[in-house]
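Here is the naming used below: chain letters follow the sequence lines, and residue numbers restart at 1 for every chain.
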Amino acid sequence: MKYDPKQIEPKWQKKWEEAGVFAAQDKSDKPKFYGLVEFPYPSGAGMHVGHIKAYAGLEVISRKRRMQGYNVLFPIGFDAYGLPTENYAIKTGIHPREVTDRNIRKFTEQLQRVGFSFDWSRVIDTTQESYYKWTQYIFLKLFEHGLVFRDTALVNYCPSCKVVLSNEDSQGGHCDICKSEIIQKSKDVWYLRITAYADKLLQGLDEVDYLPNVRLQQENWIGKSTGAFVNFRIQDSEEQLRIYTTRPDTLFGVTFMVIAPEHPLLEKLRDRIRNMEEVKAYQEACQKKTEFERTQLAKEKTGVCLQGITAVNPVSGEGIPVFIADYVMMGYGTGAIMAVPAHDERDYAFARKFGLRILPVIEGGDIRIAAYTGDGRMIHSGFLDGITNKKDAIARMLAYLEEKGIGEAGVQYKMKDWAFNRQRYWGEPIPIVHCAHCGIVPVPYEELPLRLPDVKEFSPGEGGESPLAKIPEFVHCKCPRCGRDARRETDTMPQWAGSSWYFLRYVDPHNDTCFADADKLKYWLPVDWYNGGMEHVTRHMIYSRFWHRFLYDIGEVPTREPYAKRTAQGLILGPDGEKMSKSKGNVVDPNEVVDVYGADVLRTYILFMGDYASAAPWSETGVKGCKRFLERFADLYELTTDEPSSPEVESALHKTIRKVDADIEEMKFNTAIAAMMSLINTVSEEKHISREDYMVFIRLLCPFAPHLCEELYSRMGGEGLCAQAAWPEYDEAKTVDATIEVAVQINGKLRATVILDKDASREAALAAAKAEPRIQAMLEGKTVVKEIVVPGKIVNLVLR
RNA sequence: GCGGGCAUGGCGGAAUGGCAGACGCGCCGGUCUUAGGAACCGGUGGGAAACCGUGCAGGUUCGAGUCCUGUUGCCCGCACCA
């Protein structure tokens with residue numbers, strides 16, 4: 001058969017659509033499978049082949065599940081709020097709505113050309129009122145349950161985007177979107193109290209099947225540590241200095257304290273601090289430092305001693321100096337530390353620089369050279385002296401602190417509350433009203449959606465205000481509580497909002513009385529398998545797990561965890577081996593590949609190019625190889641007759657079914673395809689395959705190259721559609737060969753091979769091995785001291 | 001600095017502790033052709049051979065790419081986290 005993708009692909013895509021074969025059934029006796037891929041942000045650049053790889057994995061699995069008799073939900077949608085579209089609008093004056101609709105059309109066309117088996121009746125767009133109404137609803141629920149709060153804080157501010165960023169969006173001191181340097185700015189910020197869910201998010205990881213590195217990254221992100229809070233007295237003062245430490249066992253070794261430059265104690269003690277000028281100068285210098293300077297260039301410790309302030313070591317009673325230094329951060333713990341220079345590298349460096357006392361309290365190491373962070377016997381530590389076990393020492397100290405009321409055990413998390421507002425137009429309006437009399441008042445549920453008003457001017461206001469602040473009709477409103485004049489919140493939600501619950505909406509996307517029907521949620525949840533990029537493992541996944549867990553706690557969803565299983569695909573690199581990017585000009589457009597080679601070749605190549613989870617460079621010649629593969633597969637059509645296949649072909653077919661089936665489940669698509677290539681080689685050598693067996697092969701390849709397989713299936717006279725045909729099953733008996741080649745080793749080195757009956761005895765194997773001329777020659781004049789026989793694999797003779 | 005991962009032909013990559021290099025690309029040779037940067041067929045780790053070969057050095061084992069110890073290089077995540 002001549003393989004002409006241009007002719008067959010549109011034809012079958014149309015037939016699938018007409019037959020509605022990919023529409024998930026809300027009621028069904030079949031077992032359910034919910035496969036989820038991360039929905040794309042519809043950028044103006046269109047999709048690149050990386051998107052295709054991200055979806056192709058679960059595409060194959062979903063198609064296989066349908067053939068296996070599952071009721072499959074495999075949906076797609078668009079995460080369409082976001083900065084690039086808004087920036088494009090600012091530049092061109094074209095409304096983000098228009099740009100978004102255009103981009104969504106382009107993405108949809110691209111996805112359909114590849115023949116993905118998405119349920120197109122459930123497409124969602126986070127920027128539609130019917131969708132963001134429920135994003136706002138969930139926000140109000142969070143508000144109602146005290147998980148939304150407002151605070152004035154130093155925030156990460158991007159001077160280029162003119163927007164406040166979460167810590168997640170400004171890692172390394174650079175804006176996640178435009179890469180410019182972040183500055184600290186004091187602002188009113190809406191927070192979601194995700195830290196209240198830190199423990200639940202951590203414990204939930206025990207209930208799910210995530211890739212080990214995905215789980216680890218989430219654990220690190222949450223960053224739980226256990227330790228103690230200890231209150232240090234300030235001499236001649238009512239003030240106390242509260243610190244957090246993971247090493248309360250070293251308390252006797254505390255010889256000074258350090259607080260963050262922004263620590264509130266400085267204000268309280270300003271009259272007592274004799275060198276306030278110097279302190280102020282230091283504070284200002286710190287503020288000017290970028291996050292980068294403060295963290296990356298952290299080799300040299302700096303700080304200022306607070307003259308006139310003395311703290312008291314609560315266990316030794318010793319008076320100790322207090323410093324401010326920027327190696328202590330206000331954002332973690334209490335913004336103050338007890339310094340144990342003998343056993344902490346940072347404290348040691350600081351003590352060395354400022355000539356402070358270094359008192360060892362754990363034996364081992366040499367404090368003249370470096371801090372000792374290992375374990376050992378407690379010394380110079382009063383009631384702890386002689387204890388050799390760190391755990392015991394910590395327990396004793398905690399008991400003492402609690403007894404004396406100077407401290408207690410505590411935990412800390414690296415995860416911070418989620419800064420939830422952006423000074424942007426293209427996002428969900430935050431449904432809050434500021435009333436001079438009532439304070440912060442939520443918009444009533446029945447007024448949702450709070451519509452995003454139409455504007456002509458998209459650039460942010462001066463000082464980074466949201467464009468919404470420039471629309472009087474939007475800003476001015478009546479307080480829902482007292483009816484007096486009030487102002488609307490003009491900030492919008494961050495891009496992460498819409499994607500935090502989209503998997504729930506797919507279950508019931510057209511419902512306008514609730515975000516999804518409870519029975520449907522109960523049927524479909526949890527997502528059985530979620531695949532996406534590693535870059536979304538911490539932020540998007542943590543956020544969405546948080547929202548989901550919250551909804552579970554208030555009884556709105558039936559499962560604690562949203563995703564039962566999570567995998568991640570590797571990047572597709574450019575042909576040059578570099579990460580694909582517009583600036584490098586190495587981006588491969590899937591449309592061009594489909595134009596030249598067809599969708600089936602694109603799909604097959606993307607899954608064949610390497611391990612699905614690893615990065616691999618694009619290769620144009622590799623694509624051609626897959627084209628040849630599909631052509632050769634189509635050519636087998638000429639080799640079919642009603643005669644049964646040869647035993648070689650039959651055995652190869654059943655082995656291949658077994659391998660492809662197992663490999664798909666482990667996302668080892670590359671070896672599954674390789675096995676099918678080998679099967680073609682076997683059939684070509686035998687020059688024949690039965691019609692029946694060829695039909696089996698067609699169904700086996702169908703999830704990878706569905707258009708070609710539909711065409712062949714129909715030409716072979718198959719009933720209905722191949723996409724709905726049964727998944728092939730293998731016959732174990734037919735995977736066993738009558739004879740096996742067994743390797744013969746002498747002293748562990750391969751010397752010969754022998755052909756044996758499939759269930760040859762140990763004796764028969766040994767006899768055959770020893771009869772082999774080459775082996776016979778090597779046995780000459782030697783003693784066999786050991787004979788190892790692994791049935792069907794190997795015979796090893798140990799000689800002396 | 002801490003945590004995790006990886007290292008195999010010219011390239012992408014295969015190998016439940018049991019014949020290293022499956023499968024594909026590339027390359028070489030051939031067939032067909034006015035032509036081949038098309039298609040098809042054959043070959044292809046190194047070495048003349050004995051043999052040698054999975055970053056490097058050890059170890060465990062009858063047997064190690066695979067397990068253990070150390071080491072080097074690269075990649076990813078976190079990063080003055082107290």
Subject >> Euclidean distance, atom CD of residue A/Glu685 to atom C1' of B/rG42 [Å, nearest integer] >> reply: 12 Å

Original post:
Given atom CZ of A/Phe350 and atom C1' of B/rA82, what is their separation to the nearest angstrom?
Top reply: 14 Å

Original post:
Mapping A/Met609 and A/Glu345 to their closest nucleotides on RNA chain B, which lands nearer the 5' end?
Top reply: A/Glu345

Subject >> Presence of donor-acceptor pair under 3.5 Å, side chain of A/Lys624 and base of B/rC25 >> reply: no

Subject >> A/Asp611 side chain, from C-beta outward: closest of B/rG13, B/rG24, B/rC80 >> reply: B/rG13

Subject >> Span that lies between the C1' atom of B/rA20 and that of B/rG1, in whole angstrom >> reply: 38 Å

**OP:** Taking only the side-chain nitrogens and oxygens of A/Asn681, find out if one of them lies under 4.0 Å from OP1 or OP2 of B/rG24.
**Re:** yes

Original post:
Does A/Tyr327 have A/Lys301 sitting over its ring (NZ/CZ under 6.0 Å from centre, angle to axis within 45°)?
Top reply: yes

Subject >> First of A/Met338 and A/Cys626 reached from the 5' end of RNA chain B, by closest nucleotide >> reply: A/Cys626

Original post:
Do the ring centers of A/Phe350 and A/Phe323 come within less than 6.0 Å of each other?
Top reply: yes

Subject >> Heavy-atom neighbours of A/Glu345 CD exceed 12 at 6.0 Å >> reply: no

Subject >> Distance-minimising heavy-atom pair for A/Trp221 and A/Ile542 >> reply: CD1-CD1, 4.1 Å

Subject >> Heavy-atom pair of closest approach, residues A/Ala339 and A/Asp347 >> reply: CA-OD2, 3.2 Å

**OP:** Could you work out which one of B/rC80, B/rC23, B/rG26 sits closest to the side chain of A/Arg628?
**Re:** B/rG26

Original post:
Roughly how many Å is it from CG in A/Leu211 to P in B/rG77, rounded to a whole number?
Top reply: 16 Å

Original post:
Where does B/rG70 land, syn or anti, once you apply the within-90°-of-0 test for syn?
Top reply: anti

Subject >> Shortest side-chain distance from A/Asp326, nucleotide among B/rG4, B/rC80, B/rG13 >> reply: B/rC80

Original post:
Under a 3.5 Å cut-off on both pairing distances, which runs of 3 or more consecutive Watson-Crick or G-U pairs involve RNA chain B?
Top reply: B:1-7 with B:72-78, B:10-12 with B:23-25, B:26-31 with B:39-44, B:55-59 with B:67-71

Subject >> Minimum-distance pair of heavy atoms, taken over all atoms of A/Arg357 and A/Thr255 >> reply: O-OG1, 2.8 Å

**OP:** Could you run through nucleotides 15-21 of chain B and give me one letter per nucleotide, 5' to 3': B if any protein heavy atom sits under 4.0 Å from the base, S if only the sugar-phosphate is that close, - if neither?
**Re:** SB-BB--

Original post:
Base, sugar-phosphate, or nothing for A/Gly625, non-hydrogen atoms under 4.0 angstrom?
Top reply: sugar-phosphate

Original post:
Counting only side-chain N and O atoms of A/Tyr244, is one of them less than 4.0 Å from OP1 or OP2 of B/rA82?
Top reply: no

**OP:** Using the C1' atom on both, measure B/rG63 against B/rA49 and round to a whole Å.
**Re:** 26 Å

Original post:
With a non-hydrogen cut-off below 4.0 angstrom, is A/Ala615 in contact with a base, only sugar-phosphate, or nothing?
Top reply: sugar-phosphate

Subject >> Length of the CD-P vector between A/Gln412 and B/rC78, whole Å >> reply: 20 Å

Subject >> Any residue meeting ring-ring contact (aromatic ring centres under 6.0 Å, His included) with A/His536, in chain and number order, not counting sequence neighbours >> reply: none

Original post:
Under 4.0 Å: is that the gap between some side-chain N or O of A/Asn213 and OP1 or OP2 of B/rG77?
Top reply: no

Subject >> Nucleotide nearest A/Gln217 when distance is taken to its side chain, options B/rC23, B/rC76, B/rC80 >> reply: B/rC76

Original post:
If you check every side-chain atom of A/Lys414, which of B/rC78, B/rC23, B/rA82 has the closest atom?
Top reply: B/rC78

**OP:** Could you work out the separation of B/rU72 and B/rG53 based on their P atoms and round it to a whole Å?
**Re:** 24 Å

**OP:** Please work out if A/Asp347 contacts a base, only the sugar-phosphate, or nothing of the nucleic acid, heavy-atom cut-off 4.0 Å.
**Re:** nothing

**OP:** Measure from the side chain of A/Phe608, starting at C-beta and using heavy atoms only, and say which of B/rG24, B/rC62, B/rC80 lies closest.
**Re:** B/rG24

**OP:** Give a yes or no on this: more than 12 heavy atoms of other residues, nucleotides or ligands lie within 6.0 Å of atom NZ of A/Lys353.
**Re:** yes

Original post:
For the pair made of CG in A/Leu216 and P in B/rC2, what is the distance, rounded to whole Å?
Top reply: 16 Å

Subject >> Separation between the P atoms of B/rG58 and B/rG12, rounded to whole Å >> reply: 28 Å

**OP:** Select one nucleotide: of B/rA82, B/rC80, B/rG13, the one nearest the side-chain heavy atoms of A/Ala616.
**Re:** B/rG13

Subject >> Nucleotide B/rA82, atom P - distance to CD1 of A/Ile394 in whole Å >> reply: 12 Å

Original post:
Is the NZ or CZ atom of A/Lys414 positioned over A/Tyr332's six-membered ring, under 6.0 angstrom from the centre and within 45° of the axis?
Top reply: no

**OP:** Indicate the atoms forming the closest heavy-atom contact of A/Ala260 with A/Leu266, along with that distance.
**Re:** O-CD1, 4.1 Å

**OP:** Using whole Å, report how far CD1 of A/Ile673 lies from P of B/rC23.
**Re:** 15 Å

Subject >> Whole angstrom value for the distance that separates P of B/rA82 from NZ of A/Lys301 >> reply: 14 Å

Original post:
Can you tell me how far P in B/rU16 sits from the matching atom in B/rU66, rounded to whole Å?
Top reply: 13 Å

Original post:
Is the number of heavy atoms from other residues, nucleotides or ligands within 6.0 Å of NZ (A/Lys579) greater than 12?
Top reply: no

Subject >> For A/Phe697, the option from A/Tyr637, A/Phe633, A/Phe704 that meets ring pair (Phe, Tyr, Trp, His ring centres under 6.0 Å) >> reply: A/Phe633

